Amino acid sequence: GAAAAVERLQPGDRVSIAGDGRLTRSVADMEEAPWRSGRLVFDDQSLADAVAEFNRYSTAQMRLADPSLARIRVSGTFRSDDPSGFVEALQLLHGVSSSDDAQGGVVLSRQ
């Protein structure tokens, strides 16, 4: 029944909607954005999405040998220039093994 509120946002703005419909606008601190400091932040993302994000920043591409690996959920903060640290965490936490391919990339598979 009530008229919808309109809030115009600028790049970097955020809006939260309370249970009663009130809007709260805030400005994201772009200086603190993880990508500005070379960090990738994953919060319960699929391994497929995390690998795709790492591949945006690296010439040495990662790929999943086993499609079932895509369903692994990944959380954490990683340096975008350190895919080997990411792979090491996958090995320790999820039992993923890695090998190098002929093109200089990394193939992830089940142990």
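Computed from a predicted model, the values in this text were never measured in an experiment.
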Gap separating the [atom1] atom of [X] from the [atom2] atom of [Y], nearest 0.5 angstrom:
X    : Y   : atom1 : atom2 : answer
Q91  : S97 : CD    : OG    : 7.5 Å
L108 : L47 : CG    : CG    : 6.5 Å
R110 : H94 : CZ    : NE2   : 10.0 Å

Got a sec, which residues hit side chain to side chain contact (heavy atoms under 4.5 Å, CB included) with Q45, two or more places apart in sequence or on another chain?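 Partners of Q45 by the side chain to side chain contact (heavy atoms under 4.5 Å, CB included) criterion, ordered by chain and then number, come out as F42, D49.
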
In chain order, what residues pass the side chain to side chain contact (heavy atoms under 4.5 Å, CB included) check against Q61, with sequence neighbours excluded?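 Side chain to side chain contact (heavy atoms under 4.5 Å, CB included) list for Q61, sorted by chain: N55.
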
Assess the residue pair L40 and F86 against the criterion (side chain to side chain contact (heavy atoms under 4.5 Å, CB included)); give the C-alpha distance rounded to whole Å, side-chain angles, the decisive distance to 0.1 Å, and a yes or no. CA-CA 10 Å; L40 300 177; F86 176 68; over 6 Å; no

Please tabulate, for the side chains in residues 71-79, all donor-acceptor contacts under 3.5 angstrom to protein atoms that are two or more places apart in sequence or on a different chain.
residue: R73; atom: NE; partner: D44; partner atom: O; Å: 3.3
residue: R73; atom: NE; partner: D44; partner atom: OD1; Å: 3.4
residue: R73; atom: NH2; partner: D44; partner atom: O; Å: 2.4
residue: S75; atom: OG; partner: D44; partner atom: N; Å: 2.8
residue: R79; atom: NE; partner: D81; partner atom: OD1; Å: 3.0
residue: R79; atom: NH2; partner: D81; partner atom: OD1; Å: 3.1
residue: R79; atom: NH2; partner: D81; partner atom: OD2; Å: 3.4

Which atom of [X] lies closest to which atom of [Y], heavy atoms considered:
X    : Y   : value
S109 : A65 : CB-CB, 4.0 Å
P83  : F54 : CA-CE2, 3.7 Å
A48  : L64 : CA-CD1, 4.1 Å

Same apolar cluster (I L V M F W Y, side chains within < 4.5 Å links), L90/Y57: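 L90 clusters together with Y57.
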
Take S99 and D101 through the test side-chain hydrogen bond (donor to acceptor under 3.5 Å, both in side chains) and record every step on the way to the result. CA-CA 7 Å; S99 60; D101 67 14; over 6 Å; no

